J.: 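I'd like to ask some things about the structure below.
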Protein chains: 2
Amino acid sequence: MSKQGQRVILSLRQMIVNGDLAAGERLREESLAERLGVSRTPIRVALKLLAQEGLLQTVGARGYAVRQISTEEIRNAVDVRGVLEGMAARLLAEVGLTESVRDTLKQCLDQGDQLFSRGAIDEGDVVTFHDLNMTFHNTIIDNCGNGAVKSAIMLNDHIPFASVHSIAIDSSAMDREYLRLTFANVQHHLVYDALINRQGTRAESLMREHANAALRYAEIFGVGNGDRGSVKILRSDLTAD
Amino acid sequence: MSKQGQRVILSLRQMIVNGDLAAGERLREESLAERLGVSRTPIRVALKLLAQEGLLQTVGARGYAVRQISTEEIRNAVDVRGVLEGMAARLLAEVGLTESVRDTLKQCLDQGDQLFSRGAIDEGDVVTFHDLNMTFHNTIIDNCGNGAVKSAIMLNDHIPFASVHSIAIDSSAMDREYLRLTFANVQHHLVYDALINRQGTRAESLMREHANAALRYAEIFGVGNGDRGSVKILRSDLTAD
DNA sequence: CTTTACATTTTTGAATCCAATAACCTATAT
DNA sequence: ATATAGGTTATTGGATTCAAAAATGTAAAG
């Protein structure tokens, strides 16, 4: 896969993710080729790969549109991620933490604690916690010793909003966001405790539940109901290499 | 995707699965195009898709070889499948069985019982049980109400031998095969019992353990150590549409 | 008004050619 | 013997063209 080929895939992914290509929108090789300033050939390759990746759906006998994903599909994918991340935590508890893994996780916890230590948060804090959250999750997944789990999580993460990479920030409900995120931070503590104590089943259950922190907890804590202007979706997935 | 395009992908998959294209073998567009009697274009598409599917690995800066898969990778994938199939069983127990799902599962059980009722089995019986096993598993997965689970299982199944679709038959150890398969059939009964009694956690645990029936149980029961001529690998996956 | 048939347009798929790049080989210098 | 440089070959990637197939539009019939 050449540089240009990869750039085309990345660009199309980005356009899908940031809404330049809207859900349900019909994609035509020729217009995309014009838009990206290349011939149809790399577009055709990219469309097939993105379709296989799950970002596109076929239209009629041939051709693609940006895949429309229902709320139910997102929830289903979040559940699958919970189960897989739970498995990763269990495996890590079983094999035990190296010094360096332990340090990384501990650092996430400490920085999370510090973030919440003043009793309130702003948008920047949400983003910071989001990064810590990603590091915490990825450290567990990357060190659990089972590459098939990581693959399965990555493939499942192609459902937008199901992954740990997405956050929504509702600036009109920061007090409730504070509550939600401090709870999630405590969950991290509990997972860590289970890990260092080699409690695989406990780690699995905790981590499985923790997958609900983004969507379900947002609902439960009444986050994300602010007007359009106060809700920001940040996406850092799918556009990475 | 045209008929020819799909045929090319299927053919290449088949050749990978049945060993015509050996693990580690370098694949060249031109020679494959000649071999399949098409131009390079559909081969190029197919290679990229099969690579994304996990069947091929990249070689150097470009080009592909048939992916070499270690025993550990297979084991890891079996574990992931166990966790995902366990999840499917739990979900099905939670939503409950329709009449028709119940009938299908019961039928598998009855036919399994009948198969083992004479106290010994032959190769044909192994194949028959294999089909029943597949139907049992697929019925649970297809009716668990979470499409993301099914997707994750299908994607994980691209690791050869990790899926429920593969069986090995060691004709030199049919008494031990009998033992292994009757045990697996009892496991089916227990899963069914958990399902109809809405016992989600039980169903999940049973189904998770059951994923080990093919590989680990074969080891434990000393199956598959016969000489080359007495071990047949049957594959019904990856060549289906 | 609906359905069917036919013609036209649009879009994708395949083939072919050319370009780019990586891999390999050989010769030379250290 | 090893490393480097240069040349050649092999292979993939992109562009273009032509073909095939699907989608769309229009007219006619019921």
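Quick caveat: nothing in here was measured; it's all calculated off a predicted structure. Quick note on labels: first sequence line is chain A, next is B, and so on, each numbered from 1.
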J.: Any side-chain heavy atom of B:I9 sitting closer than 4.5 Å to one from B:Q14?
T.: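 In short, these two side chains do not touch, never coming nearer than 4.5 Å.
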J.: Does a side-chain N or O of B:R7 approach OP1 or OP2 of C:dG13 to a distance below 4.0 Å, or not?
T.: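 For B:R7, the contact criterion (side-chain N or O under 4.0 Å from OP1 or OP2 of C:dG13) is not met.
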J.: Answer yes or no: is there a donor N or O on one side and an acceptor on the other, between the side chain of A:R67 and the main chain of A:G54, under 3.5 Å?
T.: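 Yes, because the side chain of A:R67 sits within donor-acceptor range (under 3.5 Å) of the backbone of A:G54.
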J.: Closest heavy-atom contact between B:A88 and B:V149?
T.: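 Of all heavy-atom pairs spanning B:A88 and B:V149, the closest is CB-CG1, 4.1 Å.
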J.: Do side-chain atoms of B:Q52 reach the backbone of A:L49 as a donor and acceptor pair under 3.5 angstrom?
T.: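 Side chain of B:Q52 to backbone of A:L49, a donor-acceptor pair under 3.5 Å: yes, one is there.
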J.: To the nearest Å, how far apart are B:Q6 CD and C:dA14 C1'?
T.: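 Result: 15 Å.
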J.: Take A:D79 and A:R216 through the salt bridge (charged side-chain N to carboxylate O under 4.0 Å, His left out) test and state the conclusion after the steps.
T.: CA-CA 11 Å; A:D79 287 344; A:R216 276 191 215 268; 3.7 Å; yes
J.: For the pair made of CG in B:L56 and P in D:dT12, what is the distance, rounded to whole Å?
T.: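 In whole Å, D:dT12 P and B:L56 CG are 12 Å from each other.
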J.: Taking B:N146's backbone N and O only, do any of them form a donor-acceptor pair with A:N76's side chain (distance below 3.5 Å, no angle check)?
T.: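 No.
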J.: Report the distance from atom NZ of B:K48 to atom C1' of D:dT11, rounded to the nearest whole Å.
T.: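 Taking atom C1' of D:dT11 as the reference, NZ of B:K48 is at 11 Å.
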J.: Categorize B:L27 for me: base, sugar-phosphate, or nothing, with a 4.0 angstrom heavy-atom threshold over every strand shown.
T.: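 Answer is sugar-phosphate: B:L27 comes under 4.0 Å of backbone atoms only.
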J.: Could you work out how much the helix from C:dC1-D:dG30 to C:dT30-D:dA1 bends, comparing the axis of its first five pairs with that of its last five, to 10°?
T.: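 Axis angle across the helix from C:dC1-D:dG30 to C:dT30-D:dA1, nearest 10°: 30°.
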J.: Carefully, step by step, assess A:K48 and A:E29 under the rule salt bridge (charged side-chain N to carboxylate O under 4.0 Å, His left out).
T.: CA-CA 11 Å; A:K48 286 179 167 51; A:E29 297 178 357; 5.2 Å; no
J.: Among residues 58-68 of chain A, which ones have heavy-atom contacts with DNA chain D below 4.0 Å?
T.: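 Correct list: A:G60, A:A61, A:R62.
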J.: Would you say that A:F136 contacts A:T104 through its side chain, given a criterion of any heavy-atom pair below 4.5 Å between the two side chains?
T.: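 Sidechains of A:T104 and A:F136: no contact.
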J.: Ignoring backbone atoms, test whether A:K3 places a side-chain nitrogen or oxygen under 4.0 Å from the OP1 or OP2 oxygen of C:dA20.
T.: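 False: A:K3 side-chain N/O out of range (4.0 Å or more) of C:dA20 OP1/OP2.
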J.: Please confirm whether the shortest side-chain N or O distance from A:S2 to OP1 or OP2 of D:dT12 is below 4.0 Å.
T.: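 A:S2 to D:dT12 OP1/OP2: no side-chain N or O under 4.0 Å.
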J.: For B:M207 and B:E85, work out which heavy atoms get closest and say how close.
T.: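 The pair with the smallest heavy-atom distance is CG-O, 3.5 Å.
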J.: Is the distance between the ring centroids of B:F129 and B:H188 less than 6.0 Å?
T.: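 Judged by ring-centre distance (under 6.0 Å), B:F129 and B:H188 do meet the cut-off.
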J.: Over how many whole Å does the gap from A:R28 atom CZ to D:dA22 atom P extend?
T.: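 Rounded to whole Å, this separation is 17 Å.
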J.: Which ones in residues 34-45 of chain B lie close to DNA chain C, meaning a heavy atom under 4.0 Å from one of its atoms?
T.: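 Of all residues in residues 34-45 of chain B, the ones placing a heavy atom under 4.0 Å from DNA chain C are B:V38, B:S39, B:R40, B:T41, B:P42.
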J.: Using whole Å, report how far CD of B:E29 lies from P of D:dG14.
T.: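 Rounding to the nearest Å, CD of B:E29 and P of D:dG14 are 11 Å apart.
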J.: Show the numbers, then the answer: is there a salt bridge (charged side-chain N to carboxylate O under 4.0 Å, His left out) between A:R75 and A:E219?
T.: CA-CA 12 Å; A:R75 286 176 192 277; A:E219 276 174 52; 2.7 Å; yes
